[in-house]
Amino acid sequence: MQNIPINTYTSPTVILELIYRLKVKDVMSRHLCTAESATSLKEIQRMMKQRSVTGVPIVEGKRILGIISMDDIIQALEGGYIEDPAVKRMSRNLIVLEDDMPVSFAISYFDRHPFRRFPVLNKHKELVGMVTTRDITTRLLVEINKEVDAIERRNAESRPPGTQLEGIRRYRIMKHDFEKAGLASMEIKKILKTHGIASPVIRRAAIAAYELEMNLVVHSEGGEIISHFHQDRIEITARDNGPGIPSIDDAMTEGFSTATPWVRSLGFGAGMGLPNTKKVSDDFSIASVPEKGTEAKAVIWYHQKPKETT
Amino acid sequence: MKLTYLTETMGYRELVFPDKTAAVHAAFTSDLLSDVMGNAPDNSILITVQGHKNTVAVASLAGIQAIVLCSKRSAPEEMTDAALREGIAVFSTSDNQFTASWKIAQGLQLVRQ
């Protein structure tokens, strides 16, 4: 098992930047609890208990000579030599970190070696701190929190106002305005894209929005497209002021069209609009009152449509 | 197939070509924009005679990367402007849609030479 479960090569860039930017001196504990060569193991055991530490460096001035760990104390108790001086029992094979090393080094040291703490030396080989996995994870959590906060704030700032994924946008559509046709759909597509919705889903929503929009341009007296963004789905509604559809069944039949020849010459009015919309939607409904108007609604779920709950 | 195949190998005229490294893996031939909308695969070339702004809107919404205007059809300025804005390439050729489709199918290695 990794002591600190962070891969120092393949983690997200934000994390990599963090573990290279932070130095060992930024995470280490400077409140040292040290003992001298002559200090007895029993006295060290008492220090450990009092200061809640699991390893005590043995020093001479600022120079580290060895370390006594909790394991050494347990062995001393078992072996009956708890009164011995530290110098006789300390581990002398020390692996140390330098205070200027990036934290990534410390993380890989903990992976490679069985130790739970490393003494930290400065460039003059003086003991300046101790570092444990807990020191590193605590500091990393604080820094990761700051980074996430900054990322969230940047994301919020980069979105134009009024384009939160939850919300309603309305677009006025004019009769035979081929000039602006498609603008509503383009904007709906862009909003979904900004919010990281999967491309195939965006494509379906774009198709539904465009077909409904073109229907208003080609057939209606004018109307509006209402896009209602939810957390989990988008509802696109086309509402117009007439003239209404005499037969919904005919309108839903592929190839049936009432478009004029000049509209057809532009590539529209092929009688595929409503069938296309239905095909790409998870839910589709249409209602029309002759002379008054038509309302068509397409619903597209970002992930999977949940089972019917009625 | 890289889109440069259209200009370099087939000699089609580039009207708008925002990304010279762009590549496609399919093509679709139609003049009915609803047909294009409903059936064209994404990352594709649209082979058509519909030289107007709405073709760009459909291409953009359907995820089409390039439009080939056949039979010497020209593109009005508002179409090329829209294409530039949406990052969609537009080419023109004197080939008719049948010939253009056959040549592009070769480029896509969908038919044998």
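Here the structure is a predicted model, which means the values were calculated and not measured. Reminder, nothing fancy here: chain letters follow the sequence lines and each chain counts from 1.
- Between the CZ atom of A:Phe178 and the NE2 atom of B:His52 there is a distance of 8.5 Å, given to the nearest 0.5 Å.
- The part of A:Lys190 that comes within reach of chain B is its side chain, from C-beta onward, which places non-hydrogen atoms under 4.5 angstrom from that chain.
- Contacts between A:Ser265 and chain B at a heavy-atom distance below 4.5 Å involve the backbone alone (N, CA, C, O).
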Side chain to side chain contact (heavy atoms under 4.5 Å, CB included) between B:Asn39 and A:Met272, worked out: CA-CA 11 Å; B:Asn39 301 311; A:Met272 298 179 76; 3.8 Å; yes
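- No more than 12 heavy-atom neighbours from other residues, nucleotides or ligands sit within 6.0 angstrom of NZ on A:Lys193.
- Within the 4.5 angstrom heavy-atom criterion, no atom of A:Leu183 approaches chain B.
- Heavy atoms of other residues, nucleotides or ligands lying less than 6.0 angstrom from CE of B:Met10 number more than 12.
- Residues A:Met186 and B:Glu86 have side chains in contact (heavy-atom distance under 4.5 Å, counting atoms from C-beta outward).
- Few gaps surround CZ on A:Arg21; more than 12 heavy atoms of other groups in view lie less than 6.0 Å from it.
- Considering CG of B:Leu61 and CD of A:Glu211, their distance stands at 10.0 Å, rounded to 0.5 Å.
- The distance from atom CD1 of A:Ile207 to atom OG of B:Ser34, rounded to the nearest 0.5 Å, is 10.0 Å.
- The shortest side-chain heavy-atom distance between B:Ser60 and A:Lys189 falls under the 4.5 Å cut-off.
- Counting heavy atoms of neighbouring residues, nucleotides and ligands inside a 6.0 Å radius, atom OH of A:Tyr20 exceeds 12 of them.
- Contact count against chain B (heavy-atom pairs under 4.5 Å) is highest for A:Glu179 among A:Lys279, A:Arg264, A:Glu179.
- Looking at B:Asn54, the atoms closer than 4.5 Å to chain A (heavy atoms on both sides) sit in the backbone and in the side chain alike.
- Note that CD1 of A:Ile202 is 11.5 Å distant from CG of B:Asp42, once rounded to the nearest 0.5 Å.
- Top candidate by heavy-atom pairs under 4.5 Å with chain B, chosen from A:Ser185, A:Gly182, A:Ala205, is A:Ser185.
- Looking at A:Glu254, there are no atoms closer than 4.5 Å to chain B (heavy atoms on both sides), in backbone or side chain.
- Contact between A:Leu266 and B:Leu33 at its shortest, heavy atoms only, is O-CD1, 3.6 Å.
- Annotation: A:Lys23, atom NZ; neighbour count of heavy atoms from other residues, nucleotides and ligands within 6.0 Å is above 12.
- A distance of 9.0 Å separates OG1 in A:Thr277 from CE in B:Met37, rounded to the nearest 0.5 Å.
- Taking both residues in full, the closest heavy atoms of B:Ala57 and A:Ala181 are given as CB-O, 4.4 Å, listed atom of the first, atom of the second, then distance.
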